[in-house]
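Not measured: the values here are computed from a predicted model.
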Amino acid sequence: MTELVFHPGLVLIVGALLLAPLRGALRSAAVVALPLAALALVWQVPDGAAWQLRWLDYTLTPLQGDKLSRLFATIFALMAAGGGLFALGQKSRVEVPAAFVYAGSAIGVALAGDLVTVFVFWELMAVGSTLVLWSQGSGTSYRAARRYLMVHLLGGVVLFAGITGHIAQTGNVAFTRMAPDSLAQVLILIGFLINAGAPPLSAWLPDAYPEASWSGTVFLSAFTTKTAVYVLIRGFPGTELLIWVGLFMVFYGIVYALLENDMRRILAYSIVNQVGFMIAGIGIGTEMALNGAAAHAFTHIIYKALLLMSAGSVLMMTGRRKCSELGGLFHTMPLTTVCGTIGALAISSFPLTSGFVSKSMVSQAAADGHLLAVWLALTAASAGVFLHAGIKFPWFVFFQKDSGLRPAEPPASMQWAMVVFAALCIGLGVWAQPLYALLPYAVKYEPYTWGHVVTQLQLLLFSGLAFFVMLPYLKRTLTITLDTDWLWRRLGAAAAQAVTRTVNQGRKAFDASWSHTVTTLMAAAERRYGPDSRMARPWSTGTMAFAVLVLLLGYLLLYYL
């Protein structure tokens with residue numbers, strides 16, 4: 001170690017393990033205090049290497065600070081605190097400790113200065129997030145956790161192979177900018193993109209996240225994909241391929257969210273959509289674009305958590321999750337309705353919300369780089385975001401035709417968590433300078449110009465008009481959306497069952513054939529050597545004497561010859 005500094009991620013991980021025996025008010029205080037302590041420690045990490053140690057022939061840097069790592073570590077710690085407050089009423093004794101291990105591991109990735117440390121915390125994130133999903137306790141969540149773990153173990157194996165190859169080629173473990181110009185770097189990039197929810201494995205996210213508990217989905221929304229955004233900013237800025245990967249994710253998320261009936265699956269698909277904006281910005285690679293990707297990751301964690309808090313509150317109080325079963329909840333859940341609507345406006349980049357001051361930076365970077373096709377695609381995608389998350393989610397859950405449900409507001413801790421995050425959405429939208437000051441590069445951008453505001457309002461108003469014109473076609477029914485997870489949930493399962501049947505049939509045929517052969521041999525032996533065989537019959541004395549004589553004669557012949 002070069003300086004005595006506590007590692008914020010390790011503090012949160014170790015503290016999470018100590019939560020298990022705590023009960024009552026002491027546990028509630030620890031749930032909120034631990035992430036806040038980690039947040040304070042994040043700001044004690046100096047620029048440059050704070051921890052260094054020798055491992056084999058390499059120098060590892062488990063703790064290193066700069067503006068980019070501090071930005072992501074800050075929002076991860078804030079998210080852990082807000083999620084912990086929201087989950088104070090969670091009965092599961094596993095979920096919150098697992099979520100804190102998950103959050104601490106994400107902070108560990110953000111503050112890692114070498115690829116070995118990145119990989120260790122990366123895999124620990126997979127363990128923590130799987131436990132968050134599994135802790136929901138249902139058969140559905142258990143099966144989803146298994147599928148989730150398989151995808152992330154695959155990503156971990158690919159990442160491990162890439163890191164091993166990179167170290168063998170370069171002899172360097174430092175986590176710095178790379179280019180996908182060798183197999184090792186390509187494998188590292190693929191490992192990062194799997195966690196980002198990039199195609200063709202994007203379906204792992206909407207498959208898994210909605211199966212967590214009402215509070216577990218809030219935690220899951222924040223760390224895995226945004227940690228992937230961080231490592232892509234750190235490792236592969238300006239990689240042109242990422243522009244097209246990001247654009248695919250943007251429209252993929254919109255299309256599936258518009259088709260979806262489950263409110264939490266709508267919001268899960270919108271995570272893929274929003275991460276697509278960030279990855280496109282990383283692919284553009286200019287300082288403006290990278291600032292925009294980092295700022296959008298920061299604001300996205302807040303407003304997406306707020307949206308999922310409102311959805312989780314509805315799920316907890318009604319037991320319903322499908323839009324076709326909800327509606328009219330604003331009558332008895334006004335606070336949840338207001339907070340959910342603020343989150344919906346923020347994700348739509350409505351002026352005076354946090355999304356407006358972050359997402360517009362990516363579009364502006366595309367315009368500054370004379371990337372007309374990219375700018376047009378991002379602009380069209382912004383309209384699509386308002387359709388599926390800005391209007392569809394709050395309309396069908398809170399405002400559509402009355403479902404007759406009259407749930408009360410959720411418990412006070414959940415309400416406070418929503419209010420805090422709603423205030424952050426508005427506060428950062430009104431006063432963006434504190435956020436801009438955290439970004440890795442100097443910000444020379446003013447979001448509130450007449451051109452930006454008017455253009456965005458026109459876009460949103462047109463999208464809103466289109467939504468209500470097409471409302472008869474958008475009304476949800478009890479449908480199931482098929483995604484690429486069909487390949488492993490249906491085709492893969494059917495193939496495994498077919499192989500199992502074939503193996504079982506082959507084994508049965510072999511067993512039957514072997515049994516028949518053994519039975520035949522036993523019958524032949526019985527006939528020859530059984531109690532009724534010739535060998536078992538009694539012989540006369542003369543016959544026995546003759547047999548002995550023959551045996552002795554044979555022996556003498558063999559002996560003398």
Side-chain angles (χ1 to χ4, degrees), residues 32 75 78-90 209-210 212-222 257 262-264 266-268 270-271 274 298-318 320-321 323 326-358 385-386 388-400 403 405-431 460 464:
V32 177
I75 189 56
L78 278 174
M79 180 60 230
L85 178 61
F86 186 75
L88 284 182
Q90 176 58 250
Y209 286 6
S213 71
W214 50 267
S215 56
T217 307
V218 176
F219 288 113
L220 292 172
S221 71
D262 186 309
M263 63 177 176
R264 294 202 298 174
I266 292 172
L267 297 177
S270 76
I271 294 175
Q274 293 294 291
F298 191 101
T299 60
H300 174 265
I301 288 175
I302 296 171
Y303 63 65
K304 180 59 66 178
L306 177 59
L307 284 165
L308 285 166
M309 284 176 183
S310 64
S313 298
V314 170
L315 176 63
M316 180 185 182
M317 303 308 295
T318 67
R320 311 286 179 86
R321 52 189 283 181
C323 294
L326 297 168
L329 301 186
F330 72 92
H331 291 291
T332 54
M333 300 184 76
L335 179 66
T336 303
T337 301
V338 170
C339 291
T341 303
I342 290 172
L345 293 175
I347 196 174
S348 305
S349 299
F350 200 87
L352 301 180
T353 66
S354 56
F356 180 77
V357 302
S358 60
V385 172
F386 192 46
H388 78 264
I391 299 181
K392 178 182 175 179
F393 166 73
W395 175 262
F396 283 116
V397 173
F398 298 111
F399 298 112
Q400 73 165 333
S403 62
L405 299 172
R406 290 294 182 267
E409 291 282 14
S413 61
M414 299 170 69
Q415 296 183 50
W416 275 110
M418 288 190 287
V419 168
V420 170
F421 275 54
L424 286 173
C425 285
I426 296 174
L428 291 174
V430 173
W431 187 33
L460 297 178

Please name the pair of heavy atoms, one in Trp214 and one in Gly312, separated by the smallest distance, quoted to 0.1 Å. CB-O, 3.4 Å
Correct closest heavy-atom pair for Met418 and Leu306 would be O-CD1, 3.4 Å
Apply side chain to side chain contact (heavy atoms under 4.5 Å, CB included) to [X] and list each qualifying residue two or more places apart in sequence or on a separate chain.
{"X": "Val32", "value": "Leu36, Leu85"}
{"X": "Ala346", "value": "Tyr303, Thr353, Ser354, Cys425"}
{"X": "Ser348", "value": "Phe386, Leu460"}

Between Gln274 and Lys304 (side chain of the first, backbone of the second, donor and acceptor by atom type, cut-off under 3.5 Å), is there such a pair? no
Treating Thr332 as the side-chain partner and Pro407 as the backbone partner, does any N or O pair qualify as donor plus acceptor under 3.5 Å? yes
Run the side chain to side chain donor-acceptor pair (under 3.5 Å) test against Arg320 and tell me which residues pass, sequence neighbours left out. none
With sequence neighbours left out, what residues match Ser221 under side chain to side chain donor-acceptor pair (under 3.5 Å)? none
I want to check something: taking the side chain as every heavy atom from C-beta on, are Arg264 and Tyr209 in contact at a cut-off of under 4.5 Å? no
Between Leu428 and Ile302, is there a side-chain heavy-atom distance shorter than 4.5 Å? yes
So side chain to side chain donor-acceptor pair (under 3.5 Å) across residues 412-430, not counting sequence neighbours, yields none
